[in-house]
Number of protein chains: 2
Amino acid sequence: MATGRTHRPATRSRGIPEATVARLPLYLRALTALSERSVPTVSSEELAAAAGVNSAKLRKDFSYLGSYGTRGVGYDVEYLVYQISRELGLTQDWPVVIVGIGNLGAALANYGGFSARGFRVAALIDADPAMAGKPVAGMAVQHTDDLEKIIEENGVSIGVIATPAGAAQQVSERLIAAGVTSILNFAPTVLSVPDGVDVRKVDLSIELQILAFHEQRKAGEEAAAAATEPGSAVGGAAPAAAVVPPAGRTTAEARKGGPEGDVPAVMPA
Amino acid sequence: MATGRTHRPATRSRGIPEATVARLPLYLRALTALSERSVPTVSSEELAAAAGVNSAKLRKDFSYLGSYGTRGVGYDVEYLVYQISRELGLTQDWPVVIVGIGNLGAALANYGGFSARGFRVAALIDADPAMAGKPVAGMAVQHTDDLEKIIEENGVSIGVIATPAGAAQQVSERLIAAGVTSILNFAPTVLSVPDGVDVRKVDLSIELQILAFHEQRKAGEEAAAAATEPGSAVGGAAPAAAVVPPAGRTTAEARKGGPEGDVPAVMPA
DNA sequence: ATGCCTTTGTGAACGCGTGCACAAAGATTG
DNA sequence: CAATCTTTGTGCACGCGTTCACAAAGGCAT
Ligand SMILES: NC(=O)c1ccc[n+]([C@@H]2O[C@H](COP(=O)([O-])OP(=O)(O)OC[C@H]3O[C@@H](n4cnc5c(N)ncnc54)[C@H](O)[C@@H]3O)[C@@H](O)[C@H]2O)c1
Ligand SMILES: NC(=O)c1ccc[n+]([C@@H]2O[C@H](COP(=O)([O-])OP(=O)(O)OC[C@H]3O[C@@H](n4cnc5c(N)ncnc54)[C@H](O)[C@@H]3O)[C@@H](O)[C@H]2O)c1
């Protein structure tokens, strides 16, 4: 069992770089919006702005798909929507199962954006016997006992895990054994999966911690800047819209109230 | 207004690479688990396995924080937990507001893992007057009218957006004007924010589409492999657990039923 | 105290992703 | 038909991130 290997620096798909693949859905979304407004063509500059990326990057991304643009004009919106959809495999229908119908799983089941583009919730699965048969998002929850049968009968290859962390590894193993080869994991655990299985994780806690890091850094920098510029320490030459951070907590001082102040309780031995 | 710039190839923090910052929460989680099992020290090899990364990468990551290990022994678990927590800014308390208490927002509010590490849900905000005052996760939902007041009074610098896509940009602007400088966005939109504001997005739909891409690729490769090996076209030397894809649609042929077959309806003009 | 064994910390090489800048392509206009 | 203008597609350089591989450091046994 490969322990790490959750991400795929593995098989560089079919020439299309992973970074590009990750942006295609973004382009597709922007293009779909344009399509709904009946915009016939769009330049790389406009589309890039809508998708929030650099226009050169966008053109390079599209170049991996082929030469679908017209110089001097731009890209045909409808045509590009189709090409990207096809490249992403959205021209076919992907049945998906959600395992773990708690707070999050139920929210996911109720989420409309799912079926919007090629994905169809084939079944909701939970281990709680009390949940079995209950309707969630207009669909009866099924028991974990039938997991394998459900996967096989529906030809499911994509599974979503929204169980508690402790159950995630075991659930993934059952899913994989039954034929699932792609997993979207919401549980805060590292899943060990065999080669050939793709796992993507969504981890709220990690995202928040990354934000906290930058938030702390901003506070620290501001404190440092205030120190260098003695006059404007409190309310001096505040820039335009005055985005004043909550309080002037300095980064350097996160000391505990304890006597040793800087180390927790245990020293490195 | 900076249009793109959602991600930060921007200010390379304080020497700590962004990629490393993104992994610190992963290490922290693994270390916390070890700490709860009262494991005193851990080697880079063991910890890397637990976090699902390469051990050399882990050591390099830690080297940005300083020399906290002991050669021949490993790292002191408690000490490292504290150092990473401090680096991520988790030794202080971060009040967070959730805007948009629908399916997802309510699930987030109910999520325990929030408060587990430094984050505290300070308020739940929704635009629906019918929601105002209603208790969700033991907390009364407040109306959007009071958004600015809530942010300021609680010193909130991190906001979570779980509104429909159409409202997200406007909500972000109000949050930012009120003092929020970090946003976690669950709505499927590109947010335009001024410099100095960090945005991270969680996009279920994009994750699924990326999985679909790889899924399609696997199916295509399998079909190609089967074609090269004529004997085992249908049920020949199937590997172990027989991971049979839904149907034998080849990647190359996603043609529509129409006459022109390959293009959607409109040609590039 | 000495030598052995384990594990860290990092120099160096490599590969991927990004963005600049421009030539080529095509539309458009006179 | 020729000139001009717009926009694509990409060669190229650069920087970041990953990984290898190893010397130095420290513990531990004898
Ligand atoms: N709620 C959130 O906003 C949120 C945010 C981020 C991450 N998460 C993570 O998502 C997961 C689910 O969160 P939640 O709030 O919905 O939890 P929850 O406790 O409300 O729901 C978990 C569900 O999984 C079911 N379950 C347990 N073991 C199972 C098994 N072996 N097979 C199938 N079903 C099983 C339970 O019966 C329950 O219905 C957790 O790992 C949590 O850490 C949740
Ligand atoms: N539910 C999911 O699993 C899921 C998954 C991925 C993404 N999303 C996205 O998350 C967002 C929320 O999804 P949901 O399923 O919870 O939707 P929802 O419709 O259930 O909830 C949206 C809530 O936002 C409130 N709201 C609307 N405009 C507002 C405003 N201007 N200010 C404050 N509140 C406002 C509404 O009153 C409602 O309570 C959507 O953008 C959706 O695309 C949801």
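Throughout, a chain's letter reflects where its sequence line sits, starting with A, and its residues are numbered from 1.
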(request) Would you please confirm or rule out a distance under 4.0 Å between OP1 or OP2 of C:dG26 and any side-chain N or O of A:Thr70? (result) no

(message) So, applying side-chain contact (heavy atoms from CB on, under 4.5 Å) with A:Val171, which one of A:Thr163, A:Ile183, A:Ile176 is it?
(response) A:Thr163

(request) For A:Leu47 and D:dT7, give me the distance from atom CG to atom P, rounded to whole Å. (result) 14 Å

(request) List the steps, then state whether side chain to side chain contact (heavy atoms under 4.5 Å, CB included) holds for B:Ile210 with A:Asp198. (result) CA-CA 10 Å; B:Ile210 294 172; A:Asp198 281 289; over 6 Å; no

(request) Quickly work out the B:Phe62 CZ to C:dT7 P distance and round it to whole Å. (result) 16 Å

(message) Within the 3.5 Å criterion, strictly below it, is a donor on B:Gln169 or B:Ser192 matched to an acceptor on the partner's side chain?
(response) no

(request) Could you state the atom-to-atom distance from CG of A:Asp76 to P of D:dT7 in whole Å? (result) 16 Å

(message) I need the full list of ring pair (Phe, Tyr, Trp, His ring centres under 6.0 Å) pairs touching residues 21-46 of chain B, with sequence neighbours left out, sorted by first then second residue.
(response) B:Tyr27-B:Phe62

(request) Give the rounded distance in Å between these two atoms: CG of B:Leu80 and P of C:dG9. (result) 10 Å

(request) Determine the minimum heavy-atom distance between A:Ser85 and A:Val81, stating which atoms define it. (result) OG-O, 2.8 Å

(request) Find the distance A:Leu58:CG to D:dT7:C1' and express it as a whole number of Å. (result) 13 Å

(request) State which of D:dG17, D:dG27, D:dG9 makes the closest approach to the side chain of B:Pro17. (result) D:dG17

(message) For a 4.5 angstrom cut-off between non-hydrogen side-chain atoms, does A:Asp61 reach A:Val53?
(response) no

(request) Please tell me which of B:Gly72 and A:Val42 maps to the more 5' nucleotide of DNA chain D, matching each residue to the nucleotide holding its nearest heavy atom. (result) A:Val42

(request) Rounded off to whole Å, could you give me the CZ-to-C1' distance for the A:Arg23 and C:dT18 pair? (result) 8 Å

(message) Is B:Ser44 close enough to C:dT8 that one of its side-chain N or O atoms is under 4.0 Å from OP1 or OP2 there?
(response) yes

Which atoms of nucleotides 20-24 of chain D (N or O only) lie under 3.5 Å from a protein N or O atom, and what are those distances?
from, atom 1, to, atom 2, distance (Å)
D:dA21, N6, B:Arg59, NH2, 3.4
D:dA24, N3, B:Arg71, NH1, 2.8

(request) Consider the side chain of B:Lys57, meaning its heavy atoms from C-beta on, and name the nucleotide among C:dT18, D:dT19, C:dG9 that approaches it most closely. (result) D:dT19

(request) Report the distance from atom CD1 of B:Ile16 to atom C1' of D:dG17, rounded to the nearest whole Å. (result) 15 Å

(request) Nearest whole angstrom, please: distance from the P of D:dT8 to the CG of A:Leu65. (result) 15 Å

(message) OP1 or OP2 of C:dG17 versus the side-chain N and O atoms of A:Tyr64: is any pair under 4.0 Å?
(response) no

(request) Check whether any side-chain N or O of A:Tyr75 sits under 4.0 Å from OP1 or OP2 of D:dG9, and answer yes or no. (result) yes

(message) Which is more 5' along DNA chain C, the nucleotide nearest B:Asp61 or the one nearest A:Ala19? Just name the residue.
(response) B:Asp61

(message) So if I take every side-chain heavy atom of A:Ser67 and compare against D:dG9, D:dT18, C:dA27, which nucleotide ends up nearest?
(response) D:dG9

(message) Using the rule given for side chain to side chain contact (heavy atoms under 4.5 Å, CB included), can you reason through A:Leu204 versus B:Val202, listing the C-alpha separation, both sets of side-chain angles and the distance that settles it, and then say yes or no?
(response) CA-CA 8 Å; A:Leu204 172 64; B:Val202 173; 5.8 Å; no

